[in-house]
Amino acid sequence: MRRTSFTDQPVTYGFIGGTQAADLLYYPPKGYRPLERKVRLGSGEERFESAVAALMTWGVQRNSGIRVTDVNEGTGVQYEGIEFDEDGTPKRMREHKTAEDVFADDGTPFIQNGMTAVLKVPFGPFRVSAPCRVVYVVDEPHRRGFAYGTLKGHPQSGEEAFLVEMRDDGTVWFVLRAFSRPSNAFYRLTSPVLRVTQNRFTKRYLRSLLPARAA
């Protein structure tokens, strides 16, 4: 059977990069439910680097029981998203920038811009396919991560960002930011079940990079 290619498909929402808005929780895209959660992972440069290595090789998803399949390397070109002021006001379109290939110590390539994947998410006795595309990558000295947007066939419509940050006091944090809504009429009808599943996976995500899991 021929597999569906997601490499040329657009994302299913119009607020690309919206998870970077400072006021996401107060002014989410109309009709979308915002979410922000964070958990402390430890302290120090070594903890930061090990968490980043796990995060950027799909460790959050895999450590939460999700299978990551049909991974396409992508273009390595930063998605054109919106840059926001500190108060959440759109400022300008973010410029294109290319990213060099980065690999974990075992040779696994890091997630890069434009990469697509199909996440196989446990949903009761089944696994639901959730296609997604990486829409931006954050690569700062003490802040690393990525966000993916949903593609056609995903139960949700929206964007989810996964970030590891080391603060001025040396503490290391995992930050999850998202906005979403059911992607079609079927999932709107089953939204209570979808909400419970989403909450369960949010809790798993927050545990996924704790030292015992990330290792």
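What you see is a predicted model; the values in this text were computed from it and never measured.
Shown here is R67, whose CZ atom has no more than 12 heavy atoms of other residues, nucleotides or ligands within 6.0 Å. Heavy-atom contacts from other residues, nucleotides or ligands closer than 6.0 Å to CD of E46 number 12 or fewer. Counted within 6.0 Å of CG on D168, heavy atoms from surrounding residues, nucleotides or ligands total 12 or fewer; the atom is thus considered open.
Between V60 and F146, every side-chain heavy-atom pair lies at or beyond the 4.5 Å cut-off. A 4.5 Å side-chain heavy-atom check between T171 and S43 finds at least one atom pair inside the cut-off. Between L41 and L210, the closest side-chain pair of non-hydrogen atoms falls below 4.5 Å. Between D70 and T116 there is no side-chain heavy-atom pair separated by less than 4.5 Å. I66 has its side chain out of reach of W58: every pair of non-hydrogen atoms, C-beta onward, lies at least 4.5 Å apart. The closest side-chain heavy-atom distance from T150 to V11 is not below 4.5 Å. Inter-residue side-chain proximity for R204 and R207 is flagged as met; some heavy-atom pair is nearer than 4.5 Å. Looking only at side-chain heavy atoms (C-beta outward), Q112 and M56 stay at 4.5 Å or farther from each other.
Rounded to the nearest 0.5 angstrom, E36 CD and L176 CG are separated by 8.5 Å. For the atom pair CD (Q20) and CG (L163), the distance works out to 8.5 Å, reported to the nearest 0.5 Å. How far NZ of K152 is from CG of N184: 10.5 Å, rounded to the nearest 0.5 Å. Interatomic distance, CZ of R33 versus OG of S191, reported as 10.5 Å (0.5 Å rounding). One distance of note links CD of Q156 with OG1 of T197; it measures 9.5 Å at 0.5 Å rounding. Rounded to the nearest 0.5 angstrom, E49 CD and M166 CE are separated by 8.0 Å.
Of all the heavy atoms in L206 and V39, the pair that sits closest is O-CG1, 3.3 Å. When all heavy atoms are compared, the tightest approach of S183 to Y187 is OG-CD1, 3.7 Å. The heavy-atom pair separating R177 from A21 by the smallest distance is NH1-O, 3.0 Å. Minimum interatomic distance between L35 and L25 (heavy atoms only, all atoms of both residues): C-CD2, 3.8 Å. Between P29 and L24 the shortest heavy-atom distance is CD-CD1, 4.2 Å. Minimum interatomic distance between P141 and F48 (heavy atoms only, all atoms of both residues): O-CE2, 3.6 Å.
Side-chain N or O atoms of S180 include none that pairs as donor or acceptor with a backbone N or O of G158 at under 3.5 Å. Under a 3.5 Å cut-off, the side chain of R62 and the backbone N or O of T57 do form a donor-acceptor pair. Put simply, the side chain of S64 never gets that close to the backbone of F201: no donor and acceptor are under 3.5 Å apart. Using a distance-only test at 3.5 Å, with no hydrogens or angles considered, a donor-acceptor pair links the side chain of R133 to the main chain of Q9.
Taking hydrophobic clusters as Ile, Leu, Val, Met, Phe, Trp and Tyr residues chained together by side-chain heavy-atom distances below 4.5 Å, V193 does not share a cluster with L189.
Defined by atom type and a distance below 3.5 Å, a donor-acceptor pair is present between the side-chain atoms of Y32 and S157. Using modelled atom types and a 3.5 Å distance limit, the side chains of E159 and T19 yield a donor-acceptor pair.
Exactly one residue among Y13, Y27, Y26 makes a ring pair (Phe, Tyr, Trp, His ring centres under 6.0 Å) with F179. That residue is Y13. The salt bridge (charged side-chain N to carboxylate O under 4.0 Å, His left out) with E165 is formed by just one residue from the set R40, R47, R143; it is R143.
A tilted orientation is assigned to the rings of Y148 and F162, their planes being inclined by 30° to 60°.
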